[in-house]
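In what follows, every chain begins at residue 1, and chains take the letters A, B, ... in the order their sequences are listed. Only a predicted model underlies this, so the values are computations on that prediction, with no experimental measurement involved.
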Amino acid sequence: MSLNVLVVDDSATMRKMIIRTLHLSGLPVGEILEAANGREGLLMLTKHSVDLALVDINMPEMNGEEMLHKLRSNPTHRNLPVVIVSTEGSSTRINALEAQSLVRFVHKPFTPEQLSRVVNEMTGGAYGEESGTGIGEVSGPDF
Amino acid sequence: MERNLERALARSVVRTFEDLAFLMPDDDLDPVQSNAKWVGSAEVRFEGFFSGRLILSIYGPEVLASAAQNMLGDITTPPLEVQWDTLKELANVLCGNLLPELAGREAVFNLHPPELLEAVMWDANDSAAGRIRLGLDCGRIEAFLFVDNESATSGGEA
């Protein structure tokens, strides 16, 4: 079972880094879609089916919190696991985000192992390690 | 207070460059690093527990090229457009690392998307709450923190 992922970040550099980390994570990554802000991300979701969204908070046009709010008000995407990938350092805001169902937070920069752990916690291990590419074997640089 | 703030700023710069770009800044600058020419600056404005802006400046073209190359894991030097995006993201992560260190982890800030500055347009010596210079490869990094209401930071952890 492959994991189709939507990556939403206004920085093309950061999107590329996140995608590289995804490939190093040992998760069975399938199609990866990219969007530069929340509005583009929501548009992508109307056209494609994804299993996971990695979303930045601080973005122009529509930020990650607003995107998450709109996502949850749509029955189709109410149960989509969302990982907030951000520089956010406030425990107050992080706790408020993680209090929502199927929302987890990882701080930039993060490692492939952290990403894999969070995704497997959210999905009950549905996307375990790909055979032969176990997390413990990942030797790429942290991101 | 200013010295504490600058220590926090230096720690955050070092952490950001080490974790994100695998580069290790050093506070002992050699003449080449001290005389390196300005390449670019990125600014992040923020509001919340206190408000202000953080500016990250790069001196020496190799510094930004190396950071972009390392961040992306590219073998070749990324194009300039990508290097500017890298500079903005470094400033963004730096600001995200610094503010909780100054104000505590419970304080809430709203960060604006980072923007590139056209030139060095500020009089940092007069108005910056904190300023640091660190050497890196054949250039250097400078970071400035401007706080709109400086008294707001006196209750923080810095």
Calculate, to the nearest 0.5 Å, the distance between atoms CG and CG belonging to A:Asn63 and B:Asn110 respectively. 8.5 Å
Tell me the residues of residues 44-61 of chain A whose non-hydrogen atoms fall below 4.5 Å from those of chain B, in number order. A:Asn58, A:Met59, A:Pro60
Taking B:Leu117 as the starting point, is it possible to reach B:Phe146 by hopping between hydrophobic residues whose side chains are less than 4.5 Å apart? yes
Starting from B:Val63, can I reach B:Val32 by hopping between I/L/V/M/F/W/Y residues whose side chains sit under 4.5 Å apart? no
Do A:His107 and B:Asp19 have side chains that get closer than 4.5 Å, going by heavy atoms? no
Pair count under 4.5 Å, heavy atoms only, with chain A: among B:Leu98, B:Leu72, B:Val93, highest is B:Leu72
Nearest 0.5 Å, please: how far is CE in A:Met14 from CE in B:Met71? 5.0 Å
Let me know if B:Leu99 has heavy atoms under 4.5 Å from chain A in its side chain, its backbone, both or neither. neither
Linking directly or through intermediates, with side-chain heavy atoms under 4.5 Å: list the remaining ILVMFWY members grouped with B:Ile75, chain and number order. none
Are A:Val106 and A:Leu68 linked, directly or through other ILVMFWY residues, by side chains that come within less than 4.5 angstrom of each other? no
Neighbours of chain B found in residues 88-100 of chain A - heavy atoms under 4.5 Å: A:Glu88, A:Gly89, A:Ser90, A:Ser91, A:Thr92, A:Arg93, A:Ile94
Residues in residues 80-88 of chain B that sit under 4.5 Å from chain A, counting heavy atoms only: B:Val82, B:Asp85, B:Thr86
With A:Thr87 as partner, the option from B:Val44, B:Thr16, B:Asn92 fulfilling side chain to side chain contact (heavy atoms under 4.5 Å, CB included) is B:Asn92
Are A:Val7 and A:Leu33 grouped together when hydrophobic residues (ILVMFWY) are joined by side-chain heavy atoms under 4.5 angstrom apart? no
Rounded distance [0.5 Å steps], CD in B:Glu89 versus NZ in A:Lys108: 4.0 Å
In terms of hydrophobic clusters joined by side-chain contacts under 4.5 Å, are B:Val14 and B:Leu5 together? yes
